[in-house]
Enquirer: 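Sending over a structure as structure tokens; questions will come in a sec.
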2 protein chains.
Amino acid sequence: MAEPVYLKIADDIRKQITYGLLSANDPLSSEKELCSKYSVSRMTVRKSLSILVDENLLYSVPGKGYFTKKINRDKYLFLFDELDILIGSNKESQLMEVEIIKPTAELIYHLRVSPDKRIVVIKHLLYSDGEIVAYDIKYIPYFTGIPIVEKEINYITFPEIIASRTSIFDVHRKIAISMEIPPDEIINLLNLSLYDPVIIIQQHILDQEGLPIGFGQLYCHYKKCRIEGISVIGE
Amino acid sequence: MAEPVYLKIADDIRKQITYGLLSANDPLSSEKELCSKYSVSRMTVRKSLSILVDENLLYSVPGKGYFTKKINRDKYLFLFDELDILIGSNKESQLMEVEIIKPTAELIYHLRVSPDKRIVVIKHLLYSDGEIVAYDIKYIPYFTGIPIVEKEINYITFPEIIASRTSIFDVHRKIAISMEIPPDEIINLLNLSLYDPVIIIQQHILDQEGLPIGFGQLYCHYKKCRIEGISVIGE
DNA sequence: CAGTGGTCTAGACCACTGG
DNA sequence: CAGTGGTCTAGACCACTGC
């Protein structure tokens with residue numbers, strides 16, 4: 001018995017879905033019927049079915065049964081790391097500046113803070129092969145206990161700063177990748193020509209209620225950035 | 001009993017990890033000990049632990065026990081769809097051309113085919129608000145049965161074409177996002193200025209052995225593309 | 001109402017790990 | 001060897017669905 005029974009059953013049912021014997025929203029046999037069909041206990045059948053539910057091939061409706069799902073393969077899993085996405089070797093991140101400012105209109109909107117709230121701004125320069133290739137700026141509403149000493153900040157990540165006042169598991173992040181012609185400040189920093197666009201990776205850090213608790217933008221030279229991912233099976 | 005017992009136990013253990021009572025690679029109590037601690041059967045404890053394993057907070061070693069995992073929150077899940085990433089409304093994809101060519105050096109490399117193999121090329125134009133904003137080109141080594149009639153191709157997706165000779169579940173995809181100054185052909189198509197870069201989304205379709213069975217590039221106007229994702233907890 | 005999935009118990013045997 | 005997790009059985013009660 002090299003392969004557990006529940007895996008064999010899962011494989012068998014998966015094939016029925018894969019090879020089109022079952023199509024979207026078709027009902028499956030009931031757990032009890034599958035028990036007799038495969039001559040196993042209910043727990044074993046449930047284990048098999050739970051695998052297929054995890055794989056997004058099935059869903060269950062209490063009191064009704066199991067049904068096959070419409071599949072969509074257009075989800076990609078990306079490993080995103082500020083240094084990982086840069087092209088080149090000898091990549092490093094260097095703290096440029098930490099300051100406390102009054103929020104701009106854009107920050108009032110993104111962080112949903114009042115205009116008199118103070119905002120901690122953390123700026124980093126990212127190097128690849130000795131050249132400046134990206135500029136990273138993070139905004140966090142000031143709270144007591146937030147690290148603002150440069151020495152402390154240099155070695156902790158964005159979520160870690162945020163998480164110092166909440167659990168890291170209650171923090172969600174949204175990310176968006178787009179391109180724009182950057183402001184002059186960034187054109188100079190990244191040594192760009194006048195109308196060169198940059199890749200902007202925008203991060204929104206949210207608490208468990210979906211309220212913003214941090215906002216960041218990474219401006220990256222368009223020739224020095226590459227983001228890679230692999231497909232996963234989604235709903 | 002609003003919340004099942006196994007969820008309460010999972011929450012309890014999750015908090016111990018979250019709030020730092022347990023740190024990376026610390027051993028957990030054994031299943032048996034947890035059974036007595038919470039006064040439940042082994043299956044209930046196992047259900048709780050399996051949730052935390054799925055959440056990437058724990059891993060188990062047969063014969064030894066459960067251990068807490070080092071967490072890494074830098075994984076993002078992206079929903080990727082050729083039309084979804086375009087900015088604007090009234091988005092549509094239109095078939096431009098289908099042809100069969102001899103592979104270029106680049107295609108021989110990416111598709112690992114011999115120079116005398118024929119390649120099916122499928123070109124689409126993507127519109128947003130009536131304007132051409134992206135150009136999509138897909139390459140698939142010719143095989144008998146591949147749809148090459150324009151009418152047929154217009155309504156099926158890249159993976160579906162590929163999957164006609166294999167199961168869709170045996171197909172993997174890799175994706176990479178980068179930016180480049182495009183060739184002249186694309187500058188004209190997308191109405192770009194001479195040195196405007198484009199966003200390139202490169203797709204590699206692989207079979208279960210990792211061998212290439214398709215290759216595609218989407219060239220998108222840099223102002224008309226935005227890719228969004230959400231964070232997931234990874235290993 | 002009978003049938004479904006969701007939860008849960010109290011056992012069992014196995015392969016694996018460590019001392 | 002005793003202890004661990006991995007697999008599996010044969011029951012049970014519940015809330016929910018459709019008729």
Side-chain angles (χ1 to χ4, degrees), chain A residues 1-17 21-71 233 235, chain B residues 1-17 21-71 233 235:
Chain A
M1 191 180 64
E3 203 184 23
V5 180
Y6 71 86
L7 282 184
K8 283 185 181 167
I9 297 174
D11 286 346
D12 191 50
I13 299 172
R14 189 185 300 106
K15 272 181 192 153
Q16 292 179 42
I17 302 168
L21 303 180
L22 290 165
S23 42
N25 297 312
D26 277 0
L28 216 66
S29 312
S30 74
E31 291 181 351
K32 211 173 126 193
E33 286 168 345
L34 293 171
C35 289
S36 6
K37 176 175 176 188
Y38 294 106
S39 307
V40 294
S41 76
R42 197 171 152 219
M43 192 205 124
T44 304
V45 163
R46 281 180 63 75
K47 177 103 182 171
S48 306
L49 293 174
S50 78
I51 290 172
L52 300 173
V53 169
D54 285 347
E55 289 177 8
N56 256 312
L57 296 177
L58 290 180
Y59 65 97
S60 63
V61 182
K64 293 183 73 177
Y66 287 84
F67 302 86
T68 55
K69 264 189 137 172
K70 184 177 164 294
I71 60 150
I233 298 179
E235 320 187 11
Chain B
M1 190 180 62
E3 205 185 21
V5 181
Y6 70 86
L7 282 184
K8 285 185 182 170
I9 297 174
D11 286 345
D12 191 51
I13 298 172
R14 189 186 299 106
K15 274 180 191 154
Q16 292 178 43
I17 301 168
L21 303 180
L22 290 164
S23 42
N25 297 313
D26 277 358
L28 217 66
S29 312
S30 74
E31 291 181 351
K32 212 172 129 195
E33 285 167 344
L34 292 171
C35 289
S36 4
K37 176 176 175 187
Y38 295 104
S39 306
V40 293
S41 75
R42 195 169 153 221
M43 193 204 123
T44 305
V45 162
R46 281 180 63 75
K47 178 103 182 170
S48 307
L49 294 173
S50 78
I51 290 173
L52 299 173
V53 169
D54 285 346
E55 290 177 8
N56 257 312
L57 296 177
L58 291 180
Y59 64 96
S60 62
V61 181
K64 293 183 75 176
Y66 286 84
F67 302 87
T68 56
K69 263 190 133 167
K70 182 176 165 298
I71 60 150
I233 298 178
E235 320 187 15

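Each chain gets a letter, A, B and so on, in the order its sequence line appears, and its residues count up from 1. Quantities reported herein were computed from a predicted structural model and do not represent experimental measurements.
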Enquirer: Nearest whole Å is fine: how far is C/dC8 C1' from B/Leu7 CG?
Expert: 13 Å

Enquirer: Rounded to the nearest angstrom, tell me the gap between atom CD in A/Glu3 and atom C1' in D/dC8.
Expert: 16 Å

Enquirer: Who pairs with B/Tyr38 by side-chain hydrogen bond (donor to acceptor under 3.5 Å, both in side chains), at least two apart in sequence or on another chain?
Expert: B/Asp12

Enquirer: Sort and list the pairs that fulfil salt bridge (Lys or Arg N to Asp or Glu O under 4.0 Å) and have at least one residue in residues 32-43 of chain B, not counting sequence neighbours.
Expert: B/Glu31-B/Arg42

Enquirer: State the dot-bracket string of DNA chain C. Criteria: Watson-Crick or G-U wobble, both atom distances under 3.5 angstrom; notation: ( ) intrastrand, [ ] crossing earlier pairs, | interstrand, . unpaired.
Expert: |.||||||||||||||.|.

Enquirer: Report the residues that fulfil side-chain hydrogen bond (donor to acceptor under 3.5 Å, both in side chains) with B/Asp54, sequence neighbours left out, ordered by chain and then residue number.
Expert: none

Enquirer: Taking only the side-chain heavy atoms of A/Tyr6 (C-beta and beyond), determine which of D/dG5, C/dT4, D/dT7 contains the nearest atom.
Expert: D/dT7

Enquirer: Do the side-chain N or O atoms of B/Lys32 get closer than 4.0 angstrom to the phosphate oxygens (OP1, OP2) of D/dG3?
Expert: no

Enquirer: Out of C/dC8, C/dG6, D/dC8, which has the shortest distance to the side chain of A/Val5?
Expert: D/dC8

Enquirer: How close do A/Ser48 and A/Ile9 get, counting heavy atoms only, and between which atoms?
Expert: OG-CB, 3.4 Å

Enquirer: Please list, chain by chain and in numerical order, all residues satisfying side-chain contact (heavy atoms from CB on, under 4.5 Å) with A/Ser50, sequence neighbours excluded.
Expert: none

Enquirer: Rounding to an integer number of Å, can you tell me how far A/Leu28 CG sits from C/dG5 C1'?
Expert: 13 Å

Enquirer: I'd like to check the salt bridge (Lys or Arg N to Asp or Glu O under 4.0 Å) partners of A/Asp26; sequence neighbours left out, ordered by chain and number.
Expert: none

Enquirer: Nearest of C/dT7, D/dT9, C/dA10 to any side-chain atom of B/Ser41?
Expert: C/dA10

Enquirer: Per the side chain to side chain contact (heavy atoms under 4.5 Å, CB included) rule, which among A/Ile13, A/Leu49, A/Leu52 passes with A/Leu57?
Expert: A/Leu52

Enquirer: So, does B/Tyr66 get its side chain near the phosphate of D/dG6, meaning an N or O under 4.0 Å from OP1 or OP2?
Expert: yes

Enquirer: Nearest whole angstrom, please: distance from the P of D/dG3 to the CG of B/Leu34.
Expert: 16 Å

Enquirer: Would you say D/dT4 has OP1 or OP2 under 4.0 Å from some side-chain N or O of B/Ser30?
Expert: yes

Enquirer: Nearest-Å distance, OH (A/Tyr59) to C1' (C/dT4)?
Expert: 15 Å

Enquirer: With a 4.0 Å limit, can you tell me whether A/Ser60 has a side-chain N or O closer than that to the phosphate oxygens OP1/OP2 of C/dT4?
Expert: no

Enquirer: Is any side-chain N of the basic residue among B/Arg14 and B/Asp11 closer than 4.0 Å to the acidic one's carboxylate O?
Expert: yes

Enquirer: Among pairs that include at least one residue of residues 41-70 of chain B, which meet ring-ring contact (aromatic ring centres under 6.0 Å, His included), considering only residues two or more places apart or in two chains?
Expert: B/Tyr59-B/Phe67

Enquirer: Heavy-atom contacts under 4.0 Å between residues 42-50 of chain A and DNA chain C, which residues?
Expert: A/Arg42, A/Arg46

Enquirer: Expressed in angstrom and rounded to an integer, what is the separation of A/Glu31 atom CD from C/dT7 atom P?
Expert: 11 Å

